Amino acid sequence: LESHVPASAYDVIDRIAAGGKRLAPISVYRALDFLVAHNFAHRIESKNAYVACDRGADCAPGATLFLICD
């Protein structure tokens, strides 16, 4: 929730590694899959990135849209 910029799994790994521990990519992907399944995060497939969801129970699966501009 600190950043509103989509992050890849490897961005997440780098952020955690800055705190002193480096996780395996599979662990991060499993955690991200859990967060997406429970509407705590959304996957932006075209960028293969994730963004945190701050809507909580108000977020219905498939109801969130992202406008991505270059």
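Keep in mind that what you see is a predicted model, and the values were worked out from it rather than measured.
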Trainee: Quick one: list whatever passes side chain to side chain contact (heavy atoms under 4.5 Å, CB included) with Ala24, sequence neighbours left out.
Mentor: Ile26, Ser27

Trainee: Do any side-chain atoms of residues 44-52 form donor-acceptor pairs under 3.5 angstrom with protein atoms, and if so which ones, sequence neighbours left out?
Mentor:
{"residue": "Asn48", "atom": "OD1", "partner": "Arg43", "partner atom": "NH2", "Å": "2.8"}

Trainee: Would you list the pairs meeting salt bridge (charged side-chain N to carboxylate O under 4.0 Å, His left out) in which at least one residue belongs to residues 25-40, sequence neighbours left out?
Mentor: none

Trainee: Phe34: what forms a ring-ring contact (aromatic ring centres under 6.0 Å, His included) with it, not counting sequence neighbours?
Mentor: His38

Trainee: Would you list the atom pairs, donor with acceptor, under 3.5 Å between side chains in residues 7-14 and any protein atom, with sequence neighbours excluded?
Mentor:
{"residue": "Ser8", "atom": "OG", "partner": "Tyr10", "partner atom": "N", "Å": "3.3"}
{"residue": "Ser8", "atom": "OG", "partner": "Asp11", "partner atom": "N", "Å": "3.1"}
{"residue": "Ser8", "atom": "OG", "partner": "Asp11", "partner atom": "OD2", "Å": "3.3"}
{"residue": "Asp11", "atom": "OD2", "partner": "Ser8", "partner atom": "N", "Å": "3.0"}
{"residue": "Asp14", "atom": "OD1", "partner": "Arg22", "partner atom": "NH1", "Å": "3.3"}

